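Before any comments, here is the structure.
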Amino acid sequence: MKPKDITSNILVIDDGEIDNYIFETVLKKVLINSKFDTCMDGQSAIDKLISINRTTPHLFPDFIFLDLTMPMMNGWQFLEEFSRLNIDPLKKSKIYVLSSSVSNLDRSRSLLNPLVVDFISKPINRDKIQSIFEVS
């Protein structure tokens, strides 16, 4: 299957370098021309998003994929700070929790958060990316 020419700004917030590599590799098989960026923890992501919002808001991520377990600021803390600071006043970003957690509590808590579109189990796969980006 040939990658689709869909342009999206994508931010992955995850401290797992292998997970980030897998995500980017699978993404490139499905989409081309998308901008892919990573942050290794929630705090660096908050800082990056504040900067983008102030300087180049048109480059704000269309999609954010968020791990729950990270150093410095975990995914739950990121969601709280993202909401508290109203970093995305236009509600441009679709946030997906991307976690290796098998806890039903984590899944439920994620899906009950109004900022979260869906809970995805790691590792991401081609079918899931195709469904998220509505590519077939």
Side-chain angles (χ1 to χ4, degrees):
M1 177 174 159
K2 187 176 173 188
K4 298 289 183 179
D5 189 6
I6 297 175
T7 304
S8 294
N9 289 324
I10 300 163
L11 176 63
V12 176
I13 307 168
D14 192 335
D15 63 324
E17 290 182 32
I18 291 171
D19 291 320
N20 292 339
Y21 175 78
I22 291 169
F23 189 104
E24 185 174 15
T25 301
V26 173
L27 182 75
K28 285 180 177 179
K29 290 180 180 179
V30 176
L31 302 176
I32 56 175
N33 293 329
S34 288
K35 182 179 178 285
F36 179 86
D37 201 359
T38 60
C39 289
M40 299 301 276
D41 63 77
Q43 185 59 59
S44 61
I46 290 289
D47 294 344
K48 177 183 289 272
L49 293 170
I50 288 171
S51 176
I52 291 170
N53 197 26
R54 285 186 184 149
T55 58
T56 52
H58 63 284
L59 295 179
F60 205 81
D62 301 299
F63 297 88
I64 296 173
F65 294 88
L66 176 66
D67 188 24
L68 295 177
T69 308
M70 296 176 286
M72 305 251 308
M73 179 187 283
N74 67 32
W76 304 120
Q77 294 165 324
F78 170 85
L79 289 168
E80 288 173 19
E81 206 53 10
F82 187 89
S83 178
R84 186 183 73 77
L85 295 172
N86 195 26
I87 294 172
D88 183 15
L90 301 177
K91 310 289 186 242
K92 182 179 180 192
S93 291
K94 294 178 182 165
I95 300 176
Y96 290 81
V97 169
L98 180 62
S99 178
S100 56
S101 173
V102 294
S103 165
N104 284 332
L105 182 61
D106 283 344
R107 176 180 288 281
S108 297
R109 185 175 173 194
S110 296
L111 295 174
L112 288 172
N113 187 306
L115 296 174
V116 175
V117 174
D118 199 1
F119 180 97
I120 303 167
S121 295
K122 287 182 184 176
I124 192 83
N125 62 49
R126 184 182 195 129
D127 291 340
K128 191 62 183 179
I129 286 183
Q130 287 173 328
S131 71
I132 291 168
F133 293 96
E134 299 174 359
V135 176
S136 57

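From a predicted model like this one, the values you see are computed outputs, not experimental measurements.
Note: the hydrophobic cluster containing Leu49 does not contain Tyr96 (ILVMFWY, side chain heavy atoms under 4.5 Å, direct or indirect links). Clustering ILVMFWY residues whenever any of their side-chain heavy atoms sit less than 4.5 angstrom apart, transitively, puts Met72 in a cluster other than the one holding Ile87. Under the 4.5 Å side-chain heavy-atom criterion for grouping Ile, Leu, Val, Met, Phe, Trp and Tyr, Trp76 is connected to Leu85 within one hydrophobic cluster. No continuous path of ILVMFWY side-chain contacts below 4.5 Å connects Met40 to Met73, so the two sit in separate hydrophobic clusters. Linking ILVMFWY residues whenever their side-chain heavy atoms come closer than 4.5 Å, directly or via other members, places Ile18 and Ile10 in the same cluster.
Distance check: Asn20 CG to Asp67 CG gives 8.5 Å after rounding to the nearest 0.5 Å. Atoms CD and CG, on Gln130 and Leu31 in that order, are 9.0 Å from each other to the nearest 0.5 Å. Atom CG of Asn9 is separated from atom CZ of Phe36 by 12.5 Å, given to the nearest 0.5 angstrom. In this structure, Asn53 CG and Asp88 CG are separated by 7.5 Å, a value rounded to the nearest 0.5 Å. For the atom pair CG of Asp14 and OH of Tyr21, the computed distance is 16.0 Å after rounding to the nearest 0.5 Å. Rounding to the nearest 0.5 Å places CD1 of Ile124 at 13.5 Å from CD of Glu24.
A search for side chain to side chain donor-acceptor pair (under 3.5 Å) contacts involving Arg54 returns nothing, not counting sequence neighbours. Looking at residues two or more places apart in sequence or on another chain, you find a ring-ring contact (aromatic ring centres under 6.0 Å, His included) between Phe63 and Phe133.
The main-chain N or O of Pro61 is found under 3.5 Å from a side-chain atom of Ser93 such that the two form a donor-acceptor pair. Checking side-chain atoms of Ser108 against main-chain N and O of Leu105 turns up no donor-acceptor pair under 3.5 Å. Side-chain N or O atoms of Ser101 include one that pairs as donor or acceptor with a backbone N or O of Ser103 at under 3.5 Å.
Looking only at side-chain heavy atoms (C-beta outward), Arg107 and Ser121 come within less than 4.5 Å of each other. Annotation: side chain of Arg109 is not in contact with side chain of Leu79 (no heavy-atom distance under 4.5 Å). Using a 4.5 Å cut-off on side-chain heavy atoms (C-beta onward), Ile50 and Ile46 make contact. Inter-residue side-chain proximity for Ile13 and Asp41 is flagged as unmet; no heavy-atom pair is nearer than 4.5 Å. At least one side-chain heavy atom of Lys92 sits less than 4.5 Å from a side-chain heavy atom of Asp62. Using a 4.5 Å heavy-atom threshold, the side chains of Phe65 and Ile132 count as touching.
No more than 12 heavy-atom neighbours from other residues, nucleotides or ligands sit within 6.0 angstrom of CG on Asn104. Within a 6.0 Å radius of NZ in Lys122, other residues, nucleotides and ligands contribute more than 12 heavy atoms.
Val116 and Ser110 get closest at one heavy-atom pair: CB-O, 3.2 Å. Nearest heavy atoms, Cys39 versus Ala45: SG-CA, 3.6 Å.
A side-chain contact (heavy atoms from CB on, under 4.5 Å) with Val12 is found for exactly one of Leu66, Leu27, Ile64, Thr38, namely Thr38.
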Checklist entry - When you look at Asp118 and Leu111, which way does the side-chain contact (heavy atoms from CB on, under 4.5 Å) test go after all the steps? => result CA-CA 6 Å; Asp118 199 1; Leu111 295 174; 3.8 Å; yes

